[in-house]
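Side chains are part of it too, since the values below use all heavy atoms of this structure and drop only hydrogens, waters and symmetry mates. The structure displayed is predicted, hence computed values, not measured ones.
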Amino acid sequence: MPELPEVETIRWELGKKILNKRIFRVEIFPDSRGIRFLGSYSPADFQQKLTGRTIKDVRRRGKYLLFSFDSESILAIHLGMTGKLLYRPADTPADKFVRMKFVLSNGYEIRFADPRKFGKMFIISPTDDKLMESLGPEPLSPSFTVDYLQKVLSRHRKKIKEVLLDQKIIAGIGNIYSDEILFRAKIHPERSACSLLQEEIFLLFSAMQEILRAAIVARGTTAGDRQYLNTTGKPGKFQYRLQVYQRRGQECLRCGRVIVSKKFGGRSGYFCPQCQV
DNA sequence: ATTGGGACCTGCTCGC
DNA sequence: TGCGAGCAGGTCCCAA
């Protein structure tokens, strides 16, 4: 699924292309049922709110993309697992699984394609923004420090893997990067968060910074069945640098022991049973 | 309060 | 070759 680095890549690409472009038309397709229009907006309200608006800013918060306009409304998009935002010239052949599209004034359109329909799209107001407020801090922001991480981990007894995945604690990390971060920090995913020693917390913090930054530079990870693609339909490059995710049965690149996987609350986690302690 | 598990979705892989 | 079962997982929701 698109996690922080993938969403950041999309934000960066779109930001260069659609600023000050006007939304000429909003098309919502019949099979867009799965797009959850949260809040009190119906699809028709949604179209009305956005049609004719000029895009003024594209930001990211956690795994959400936030579009600002020449109005009070903010469009928030969560890509779920399989969501893509494809930026195409309007005369380009149709893409599969497009649930919604924004036709822009410059002859291009943004196509929201989402085979598994886990994506969400909704309108929020800058002043009443409960969802964004409920998100934890951005792990790459200057205010996210080792001290902060230590404080937050000491408050939770649950597994460190679960803590990394909890968007209310830290925003933007999903299954792929939580595995990679824990592997790099040599921490077992089932360790209780509050049991981590100061040294380990420092390693965890460093691993988080390094991996997320490297993944952004690599323009994200296209792995597994998620088939993340950027706005031009191209894959990322970080999958070539994965150390542990989806390497079950293969040798650990650090110690040679066989990588194992285990279910953590419905999702699979990969780790080395020898060097992650 | 915290924690855990199921539901939502559907394309894809695997085994018989 | 065909078909059904199972898997993938972010977030919401409910129960213990």
Side-chain angles (χ1 to χ4, degrees), chain A residues 1-8 10 28-40 60-66 76-85 95-100 112-122 124 129-136 138-139 151-182 189-195 212 215 220-229 233 235 239 242 244-249 260-271:
Chain A
M1 121 94 204
E3 304 179 31
L4 188 155
E6 290 76 31
V7 180
E8 180 62 21
I10 294 168
I28 301 174
F29 293 78
D31 60 352
S32 64
R33 181 177 50 82
I35 300 178
R36 292 123 216 242
F37 300 97
L38 300 193
S40 52
R60 181 191 59 76
R61 178 79 174 93
K63 300 174 189 172
Y64 291 89
L65 274 171
L66 303 172
I77 300 178
H78 193 297
L79 296 171
M81 278 177 64
T82 54
K84 300 167 190 64
L85 283 177
D95 291 285
K96 291 172 83 172
F97 310 118
V98 173
R99 314 293 181 193
M100 179 181 227
F112 179 70
D114 186 15
R116 229 164 287 182
K117 297 181 179 174
F118 273 28
K120 286 180 295 190
M121 216 180 264
F122 44 94
I124 55 182
D129 191 355
K130 289 193 204 73
L131 183 77
M132 293 303 130
E133 282 164 17
S134 75
L135 292 177
E138 289 290 325
K151 203 185 303 174
V152 119
L153 294 184
S154 69
R155 286 207 304 263
H156 293 277
R157 256 186 306 176
K158 60 180 172 180
K159 298 182 179 87
I160 182 63
K161 163 112 175 151
E162 305 285 338
V163 169
L164 293 183
L165 289 173
D166 190 335
Q167 303 302 300
K168 294 183 182 65
I169 300 175
I170 302 168
I173 297 174
N175 208 29
I176 298 178
Y177 296 109
S178 62
D179 280 0
E180 291 297 313
I181 288 166
L182 288 170
E190 297 187 278
R191 282 279 297 283
S192 165
C194 62
S195 78
L212 292 177
T221 303
T222 302
D225 73 337
R226 301 147 211 253
Q227 301 172 351
Y228 155 76
L229 299 173
Q239 61 274 22
L242 294 176
V244 70
Y245 179 74
Q246 286 195 331
R247 294 195 67 246
R248 176 179 53 215
V260 301
S261 76
K262 189 173 175 180
K263 287 277 181 190
F264 298 96
R267 50 201 63 85
S268 52
Y270 299 83
F271 61 96

Nearest-Å distance, [atom1] ([X]) to [atom2] ([N])?
| X | N | atom1 | atom2 | value |
| --- | --- | --- | --- | --- |
| A:Ile169 | C:dT11 | CD1 | C1' | 14 Å |
| A:Asp179 | C:dG10 | CG | C1' | 15 Å |
| A:Lys159 | B:dG4 | NZ | C1' | 9 Å |
| A:Phe97 | B:dC9 | CZ | P | 16 Å |
| A:Lys117 | C:dT11 | NZ | P | 20 Å |
| A:Met81 | B:dG11 | CE | P | 13 Å |
| A:Asp166 | B:dG5 | CG | P | 16 Å |
| A:Leu153 | B:dT2 | CG | P | 15 Å |

Checklist entry - When all nucleic acid strands are considered with a 4.0 Å heavy-atom cut-off, which category describes A:Gln167: base, sugar-phosphate, or nothing? => result sugar-phosphate
Checklist entry - Can you check whether A:Thr82's main-chain N or O pairs, donor with acceptor, with A:Lys84's side chain at less than 3.5 Å? => result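 Indeed, once roles are kept as given, a pair shorter than 3.5 Å links the two residues.
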If the condition is salt bridge (Lys or Arg N to Asp or Glu O under 4.0 Å), which residues does [X] pass it with, not counting sequence neighbours?
| X | answer |
| --- | --- |
| A:Lys161 | A:Asp179 |
| A:Arg60 | A:Glu8, A:Glu138 |
| A:Lys158 | A:Asp166 |

Item to check | A:Lys158 vs A:Pro115, nearer the 5' end of DNA chain B by closest nucleotide | outcome: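 Closest to the 5' end, via its nearest nucleotide, is A:Lys158.
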Item to check | side-chain contact (heavy atoms from CB on, under 4.5 Å) partners of A:Lys262, counting only residues at least two apart | outcome: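 By the side-chain contact (heavy atoms from CB on, under 4.5 Å) rule, A:Lys262 matches A:Glu190, A:Phe264, A:Phe271.
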Checklist entry - Residues in side-chain contact (heavy atoms from CB on, under 4.5 Å) with A:Ala215, at least two apart? => result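 So A:Ala215 forms a side-chain contact (heavy atoms from CB on, under 4.5 Å) with A:Pro5, A:Tyr177, A:Phe238.
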Does [X] put a side-chain nitrogen or oxygen below 4.0 Å from OP1 or OP2 of [N]?
| X | N | result |
| --- | --- | --- |
| A:His78 | C:dG10 | no |
| A:Thr82 | B:dC9 | no |
| A:Lys263 | C:dG9 | no |

Would you indicate which nucleotide in [options] comes nearest to any side-chain atom of [X]?
| X | options | result |
| --- | --- | --- |
| A:Tyr64 | B:dG4, B:dT10, C:dC12 | C:dC12 |
| A:Tyr245 | C:dA8, B:dT10, B:dT3 | C:dA8 |
| A:Arg267 | B:dT3, B:dC9, C:dT11 | C:dT11 |
| A:Lys63 | C:dG9, C:dT11, B:dT3 | C:dT11 |
| A:Phe118 | B:dT3, B:dC9, C:dA8 | B:dC9 |

Item to check | Audit row: A:Ile124, A:Leu131, side chain to side chain contact (heavy atoms under 4.5 Å, CB included) steps and yes/no | outcome: CA-CA 9 Å; A:Ile124 55 182; A:Leu131 183 77; 5.5 Å; no
Checklist entry - Say you draw a straight line from OH of A:Tyr64 to NZ of A:Lys120; how long is it, rounded to the nearest 0.5 Å? => result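 That separation rounds to 4.0 Å.
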Next on the checklist: Using C1' atoms of five pairs at each end, report the bend of the helix from B:dT2-C:dA16 to B:dC16-C:dG2 rounded to 10 degrees.
Outcome noted: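 Here the helix ends are tilted 50° relative to one another.
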